[in-house]
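Some notes on the structure that comes next.
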Amino acid sequence: MLISIDSIKIKRRVRKEPDDLEALMESMKRYGLLNPITISSRNILIAGERRLESAKRLGWKSIDAVVLSDTDPISELEMEIEENTQRSNFKEQDLLEGYKRLERMRNPNIFVRIWRALVAFFKGLFAK
């Protein structure tokens with residue numbers, strides 16, 4: 001659900017400072033918001049402070065949010081802590097392999113480029 005950023009209330013948070021936001025802001029500029037923030041039915045932020053702050057700094061007026069009903073301050077704090085502790089960082093080898101795959105896709109070898117050109121050519125011939 002799209003929510004006006006100005007309507008979201010931020011209460012006392014566990015994380016004191018949203019760490020470096022530059023990379024997140026670049027990602028949001030490039031791909032948009034990949035995961036919505038989470039708020040209560042009273043528009044109190046539960047999870048996604050860094051995403052919300054990045055959206056503000058980017059000048060967004062609204063943000064996609066999951067709105068949870070029937071929350072109380074205890075469950076809201078539990079969810080905030082849970083969201084920030086249950087993330088699993090990439091293993092170095094997995095991340096390296098992902099970047100290698102991305103590089104191969106962006107810069108395929110000569111045989112892949114020839115194959116793609118042939119496929120495109122024949123698709124063009126038969127598409128008419």
Close side-chain approach of [X] and [Y], heavy atoms under 4.5 Å:
{"X": "Glu83", "Y": "Thr38", "answer": "no"}
{"X": "Leu52", "Y": "Ile10", "answer": "yes"}
{"X": "Glu92", "Y": "Leu96", "answer": "no"}

Backbone N/O of [Y] and side chain of [X]: donor-acceptor pair under 3.5 Å:
{"X": "Asp64", "Y": "Met1", "result": "yes"}
{"X": "Arg104", "Y": "Asn109", "result": "no"}
{"X": "Arg51", "Y": "Leu33", "result": "no"}
{"X": "Thr85", "Y": "Ile81", "result": "yes"}
{"X": "Lys29", "Y": "Leu58", "result": "no"}

Determine, for [X] against [Y], whether the closest basic-nitrogen to carboxylate-oxygen distance falls under 4.0 angstrom.
{"X": "Glu53", "Y": "Arg13", "answer": "no"}
{"X": "Lys11", "Y": "Glu80", "answer": "no"}
{"X": "Lys56", "Y": "Glu49", "answer": "no"}

Where is the tightest heavy-atom contact between [X] and [Y], given as atom of each residue plus distance?
{"X": "Ser40", "Y": "Thr71", "result": "CB-OG1, 3.5 Å"}
{"X": "Ile3", "Y": "Ala65", "result": "CG1-CB, 3.7 Å"}
{"X": "Ser7", "Y": "Asn43", "result": "OG-ND2, 3.1 Å"}
{"X": "Val66", "Y": "Pro36", "result": "CG2-CG, 3.8 Å"}
{"X": "Ser54", "Y": "Met28", "result": "CB-SD, 3.6 Å"}

When rounded to the nearest 0.5 angstrom, what is the spacing between [atom1] in [X] and [atom2] in [Y]?
{"X": "Arg50", "Y": "Leu24", "atom1": "CZ", "atom2": "CG", "value": "5.0 Å"}
{"X": "Ile39", "Y": "Ile8", "atom1": "CD1", "atom2": "CD1", "value": "5.0 Å"}
{"X": "Asp70", "Y": "Ser41", "atom1": "CG", "atom2": "OG", "value": "7.0 Å"}
{"X": "Lys100", "Y": "Leu95", "atom1": "NZ", "atom2": "CG", "value": "11.5 Å"}
{"X": "Asp20", "Y": "Met25", "atom1": "CG", "atom2": "CE", "value": "10.0 Å"}
{"X": "Ser27", "Y": "Leu21", "atom1": "OG", "atom2": "CG", "value": "12.0 Å"}

Would you say [X] has more than 12 foreign heavy atoms packed within less than 6.0 Å of its [atom1]?
{"X": "Leu34", "atom1": "CG", "answer": "yes"}
{"X": "Trp115", "atom1": "CH2", "answer": "no"}
{"X": "Arg42", "atom1": "CZ", "answer": "yes"}
{"X": "Lys91", "atom1": "NZ", "answer": "no"}

Please tell me whether [X] and [Y] are part of a single hydrophobic cluster in this structure, the criterion being side-chain heavy atoms less than 4.5 Å apart.
{"X": "Leu68", "Y": "Leu45", "value": "no"}
{"X": "Leu125", "Y": "Leu118", "value": "yes"}
{"X": "Val119", "Y": "Val112", "value": "no"}

